[in-house]
Every structure is written in structure tokens, then in C-alpha cells.
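Comments concern the structure below.
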Amino acid sequence: MGQGRKGSSDKKQREKNRDDSPTPENGNKCRVCRFPLLVALLQLLLGVAVTAVAFLMLAISPSLTARETPHWAGIILCLVSIVGFFLYCITYQPDERSSTQFIVKLLYFILCTTGLVISLLVVAFAGHHHSQASSFSCQQKGDDCVCVLEKSDPIARTFDYKGASDCEMITGTLIFYFLLQILLNLAQALVCAAGAFIMWKDRYQVFFAGTQIRSPSTQQWQKV
């Protein structure tokens with residue numbers, strides 16, 4: 001009689017421990033939790049904004065260089081976001097059992113790192129040109145605007161902005177666009193850094209080895 005009660009008690013305890021044990025993760029559940037869609041969406045929006053501002057700058061004067069109008073940076077970052085959206089659409093498999101998933105995640109990590117470097121490079125260029133344009137002394141010559149850094153210096157470097165019908169666009173609007181590029185690309189650099197960090201963390205930190213340890217005193221299962 002006592003053995004029957006003991007056997008029934010042990011059976012109930014085993015069922016309780018089985019219920020308390022960690023359940024395997026569902027590969028198709030909550031893909032938004034596995035890959036933050038917000039990162040790719042922000043990359044796309046910021047990339048479009050950087051490209052749009054660059055073309056607005058180019059409309060002021062077609063003689064502006066590629067360093068001054070970083071539309072190329074915005075286009076590259078839009079392509080990075082497309083890879084992020086593609087990664088979101090891939091069916092998640094634990095431990096990267098799919099070669100396609102591994103390749104796309106690696107590619108997205110590399111592109112996010114590249115996007116971070118590009119954004120910081122654009123910030124450096126825009127900061128230099130913003131500081132330079134803030135010191136301009138300009139005068140209108142026909143359809144062009146000619147600017148110098150030091151008006152009193154006869155051999156000072158001159159900057160000829162062709163097609164600029166109003167020098168106020170150079171000393172006012174263009175400087176504002178440079179500042180806007182700095183802010184947009186700083187935000188883009190932070191988003192790219194977040195995307196690269198999430199890919200690295202998902203690969204090297206967030207995982208479950210499958211080993212379970214049951215503590216006799218607490219009757220609880222633990223992940224290691």
C-alpha cells in the first residue's frame with residue numbers, strides 16, 4: 001500500500017518536472033522578436049532621406065562634388081535595408097541549419113559594418129564642408145557664385161558654384177543641408193551599429209546548448 005502511494009507520488013513529481021522543463025523554441029514564432037524589423041525600416045527611411053537631401057544640394061549647383069552630395073551613401077544604405085527585409089522573410093531555423101540563413105545573416109552583418117563606416121565618412125566630409133562654407137565670402141558673377149575663404153587674401157582659394165543664381169543659397173541653404181547630412185548620417189551610423197551588434201549577438205551570445213541541469217533542492221530545470 002505504501003509502495004503504491006510512493007510510486008504514484010514519484011509519477012506526479014516526474015510529470016511536474018517535465019512540465020517545468022524548458023520547451024523547445026518554435027522556429028516560426030515571433031520572427032519580429034528574432035530580427036528587429038525596425039532596424040531595416042530605419043535604414044531604409046534614413047537612406048532615402050540622405051539621398052533626397054543630396055539631390056536637393058545638387059539642385060543648388062551642379063558643380064558640387066560627390067563628397068558634398070553623398071547620394072551614393074544613401075543608395076548603398078537602402079540596399080543594406082533590402083537585405084535586412086529579405087532576412088526577415090526567411091523562415092527562422094535554430095542553430096542556423098539553413099545555409100541560406102547563415103549566408104544572408106553574414107552578408108547583412110558585413111553590410112551593416114560597411115554602412116557604419118560609410119556613414120561616419122559622410123559625417124566627416126559634411127562636417128569639413130560645413131565648417132568651410134561657414135567662412136565663405138561670396139559674390140555673384142553672372143549666373144555663378146564665386147566664394148573665397150579669406151577675402152583679404154589675394155591668393156586665397158576660390159570656389160566657383162556654377163548655376164547658383166543667388167549666393168544666399170550657398171551661404172545659407174547649403175550650410176543647412178550640410179548640417180542635416182551630419183545629423184542624418186550620425187543616426188544612420190547608430191542604426192547600422194545596432195544592426196551589426198544584433199547579428200553578432202544572435203550568432204555568438206543568444207543560444208541554448210540543450211543541456212539541462214536539475215537541482216535536487218529546488219526541483220527546477222536550468223539552462224546552460
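All figures in this text were calculated on a predicted structure; none of them were measured in a lab.
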Going hydrophobic residue to hydrophobic residue with side-chain gaps under 4.5 angstrom, can you get from [X] over to [Y]?
| X | Y | answer |
| --- | --- | --- |
| L56 | I60 | yes |
| L180 | L186 | no |
| F178 | M169 | yes |
| L183 | F55 | no |
| M199 | L38 | yes |

Side chains of [X] and [Y], heavy atoms from C-beta outward: is any pair under 4.5 Å?
| X | Y | answer |
| --- | --- | --- |
| T114 | F109 | no |
| F136 | Q132 | yes |
| C138 | V146 | no |
| D160 | K162 | yes |
| M57 | L174 | yes |
| L107 | L111 | yes |
| F176 | V53 | no |
| V80 | C112 | yes |

Is the backbone of [Y] close enough, under 3.5 Å, to the side chain of [X] for a donor and an acceptor to pair up by distance?
| X | Y | value |
| --- | --- | --- |
| Q140 | A164 | yes |
| S81 | C78 | yes |
| S131 | G127 | no |

Could you report the tightest heavy-atom contact between [X] and [Y], atom names first, then the distance?
| X | Y | value |
| --- | --- | --- |
| Q43 | V191 | CG-CG1, 3.5 Å |
| H71 | T51 | O-OG1, 3.7 Å |
| P70 | V50 | O-CG1, 3.6 Å |
| L120 | A189 | CD2-CB, 4.1 Å |
| L64 | L58 | O-CD1, 4.1 Å |
| L77 | C192 | CD2-SG, 3.8 Å |

Please round to the nearest 0.5 Å and tell me the distance separating atom [atom1] of [X] and atom [atom2] of [Y].
| X | Y | atom1 | atom2 | result |
| --- | --- | --- | --- | --- |
| S134 | L179 | OG | CG | 9.0 Å |
| K105 | I110 | NZ | CD1 | 13.5 Å |
| R67 | H128 | CZ | NE2 | 6.0 Å |
| F125 | H129 | CZ | NE2 | 7.0 Å |
| N185 | Q188 | CG | CD | 7.0 Å |
| D144 | S63 | CG | OG | 7.5 Å |

Worked verdict on L44 versus F85 for side-chain contact (heavy atoms from CB on, under 4.5 Å): CA-CA 10 Å; L44 179 61; F85 286 122; 3.9 Å; yes
Can you check side-chain contact (heavy atoms from CB on, under 4.5 Å) on T158 and C147, steps first, answer last? CA-CA 6 Å; T158 60; C147 302; over 6 Å; no
Apply the test disulfide bond (SG atoms under 2.5 Å apart) to residues C145 and C167: give CA-CA distance (whole Å), side-chain angles for both, the deciding distance (0.1 Å), then the verdict. CA-CA 6 Å; C145 181; C167 285; 2.2 Å; yes
On the 0 to 90° scale, with breaks at 30° and 60°, tag the Y161-F159 ring pair as parallel, tilted or perpendicular.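 Plane angle under 30°, so parallel.
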